[in-house]
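For reference, the structure discussed in these notes is given below.
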Amino acid sequence: MKAVLDLKISRIVKETSRVIRIELVSQNGSTLPLYQAGAHVELKLPNGLMRQYSLCRLPTTGMSYEIAVLKDPNSRGGSMLLHQMKVGDRLQASYPQNHFLLKNPRKTAILLGAGIGITPLIPMAQMLAKTGVDFALHYSAKSPASAAFYDQLNKSEFADKVHWHFSDANSRLNIESLLKSLVSHPDLYVCGPRQYIEEIMNCAKVFGWPEERLHKEFFTGAKSPLIDQTPREMFQVKLASSGQMIDVPPGVSITEALEMNGIDIPISCEEGWCGTCMTRVIDGVPDHRDTFLSPQEHTQNSLIMPCCSRSRSDVLVLDI
Ligand code: FES
C-alpha cells in the first residue's frame, strides 16, 4: 500500500444480521480524496492483513467513506476482525482505486449484484440516476432480511429501477430470460460470488455480448475451479530495471520469490481476483491463473498477476 490515509471509524450501522456498514473519516478531520462509482479502498487491518472494500455510496461532502462488511465464517480473518472493531478505532487505507469503473454514466447499463456484491453497484446506480439515463439494478439475495441496503434502495430515487430476486421466495434471477430480452447488449456490470458472475458471463457470451460490454468484480476469495493450481517447474523472473534474475521454484509464487529477495510489490487478495499486484510483462510468456484479466488480455500477454500466475517460458521479464 503506497499512499496512505489515516482513518478512524465514525459510525457502524447494522444492515443485516451479518452485514455492517462502516463509516470512516480522516483522523485529523480533513477532507478525503474523491472517487468514482465502482471504486474501492484497501484497508490495513490491525493484524496486518490487507483487504479491499468497495465504497458503497457516491462521495457527498468528501468528509467520509462508507464500506459494507459481511461477517463471513470462511473469511481469512479480515471480515471477522472488522466486525469486532468499534467507533473510534483507527485504520489505514489506500487512496480509492478503481478496477470496476462505470465506463459511461450516460449510457444504458444493467447492474447485477448478489449478496454483498451489491456494494460497488450502489454508487453506480446513484450515478446513473443522476445523469437520468435508463438502467436497471438486479439484486439477488436470500430474503429481504438478509439483503443489505434493502430499506435504502426501496426509499431511493431510483427504487423503481431496483429488481429484487429472493431465493427464499422462489424469485431467483432468471439470467437466461433477462439476457435474452436485452437485445441491444447494453453494458453489464456484475458483482458477487464467483459462480454467479461466471454464470452471467457465460450466458452473455452465448447471447453474443461483446467482451468490452462485460464488466465484473469478484466478491469472494474462494478459489475458482477454473484456475489451474498445479505447480509447474521452476522458472526465473528477470527485473527489467536492474537485470537481476530471481528463481521461482514450484510452490512459491512470483510475489513470494520477489519478497524473499527484498522486492515488495503491492498485494491484497493473493488469489488473482483483485488486480492489486498487476505488473507489466516486458518479455516471456505468462501462465495466467488469475480471474482479474479478461480472456483477451490473457492472450495479449502484456500483463500478469504475479500473486498467482506463473510462466510458460523459462524466463519472464517484468517491469519491476
Ligand atoms: Fe489480488 Fe494479485 S493480489 S490479484
Side-chain angles (χ1 to χ4, degrees), residues 1-4 38-45 47-55 67 69-70 72 74-79 82 92-101 116-117 119-120 190-194 197-198 201 215-232 235 237 239 246 248 251-261 263-282 284 286-312 316 318-320:
M1 195 161 70
K2 287 177 191 150
V4 162
H40 67 268
V41 286
E42 190 173 19
L43 294 185
K44 185 171 182 189
L45 304 180
N47 61 0
L49 279 177
M50 311 283 282
R51 289 291 176 264
Q52 294 185 348
Y53 293 92
S54 296
L55 294 163
I67 58 168
V69 183
L70 169 72
D72 179 0
N74 300 318
S75 99
R76 292 160 298 150
S79 77
L82 275 166
Q92 282 192 317
S94 68
Y95 278 56
Q97 301 163 40
N98 204 335
H99 303 310
F100 191 45
L101 194 67
I116 195 68
T119 49
V190 191
C191 186
R194 196 171 297 277
I197 294 180
E198 284 169 357
M201 292 293 141
H215 316 278
K216 61 182 188 297
E217 184 158 83
F218 289 99
F219 225 91
T220 60
K223 287 201 193 317
S224 167
L226 300 180
I227 299 179
D228 176 8
Q229 308 287 346
T230 345
R232 296 257 159 80
F235 58 95
V237 162
L239 310 187
I246 291 172
V248 186
V252 173
S253 70
I254 297 177
T255 46
E256 286 166 344
L258 290 170
E259 197 186 338
M260 284 184 239
N261 284 273
I263 299 138
D264 284 330
I265 61 170
I267 50 171
S268 182
C269 73
E270 297 180 68
E271 292 177 345
W273 53 269
C274 75
T276 303
C277 65
M278 187 159 69
T279 305
R280 214 155 63 83
V281 177
I282 307 283
D287 175 3
H288 296 288
R289 299 181 181 202
D290 66 281
T291 50
F292 181 79
L293 297 172
S294 66
Q296 198 185 358
E297 286 169 320
H298 280 165
T299 52
Q300 287 164 352
N301 285 335
S302 57
L303 294 168
I304 186 171
M305 299 295 154
C307 65
C308 64
S309 296
R310 303 188 67 78
S311 181
R312 294 194 185 281
L316 200 58
L318 298 183
D319 187 18
I320 298 173

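We count ligands from 1, going down the list as the structure has it; atoms in each ligand are counted the same way. Note that the coordinates shown come from a computational prediction; the quantities given were computed from them, not determined experimentally.
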Inset, instruction - Could you list the atoms of ligand 1 found under 4.0 angstrom from a heavy atom of Cys274? - result: 1 (Fe), 3 (S), 4 (S)

Legend entry - At atom 2 (Fe) of ligand 1: angle between Cys307 atom SG and Cys277 atom SG, to 10 degrees: 100°

Inset, instruction - Report the part of Met278 in contact with ligand 1, treating N, CA, C, O as backbone and CB onward as side chain, heavy atoms under 4.0 Å; options are side chain, backbone, both, neither. - result: neither

Inset, instruction - Look at atom 3 (S) of ligand 1 and say which protein heavy atom is nearest, naming residue and atom and giving the distance to 0.1 Å. - result: Ser268 N, 3.2 Å

Inset, instruction - Enter the distance from Ile246:CD1 to Ile320:CD1 here, rounded to the nearest 0.5 Å. - result: 7.5 Å

Legend entry - Straight-line distance of Thr299 OG1 to Leu293 CG, nearest 0.5 Å: 10.5 Å

Legend entry - Distance (rounded to the nearest 0.5 Å) between Glu270 CD and Met305 CE: 14.0 Å

Legend entry - Which of the ligand 1 atoms, numbered from 1, are nearer than 4.0 Å to a heavy atom of Trp273: 4 (S)

Legend entry - Residues, nucleotides or ligands: over 12 heavy atoms within 6.0 Å of Gln296 CD: no

Legend entry - Where ligand 1 meets Gly272 - atom numbers and elements under 4.0 angstrom, heavy-atom basis: 4 (S)

Legend entry - Close side-chain approach of Arg51 to Val69, heavy-atom, < 4.5 Å: no

Legend entry - Proximity flag Phe292 to ligand 1, non-hydrogen atoms under 4.0 Å: no

Inset, instruction - Over all heavy atoms of both residues, which pair between Pro306 and Cys277 is shortest? Give the atoms and the distance, please. - result: CD-O, 3.2 Å

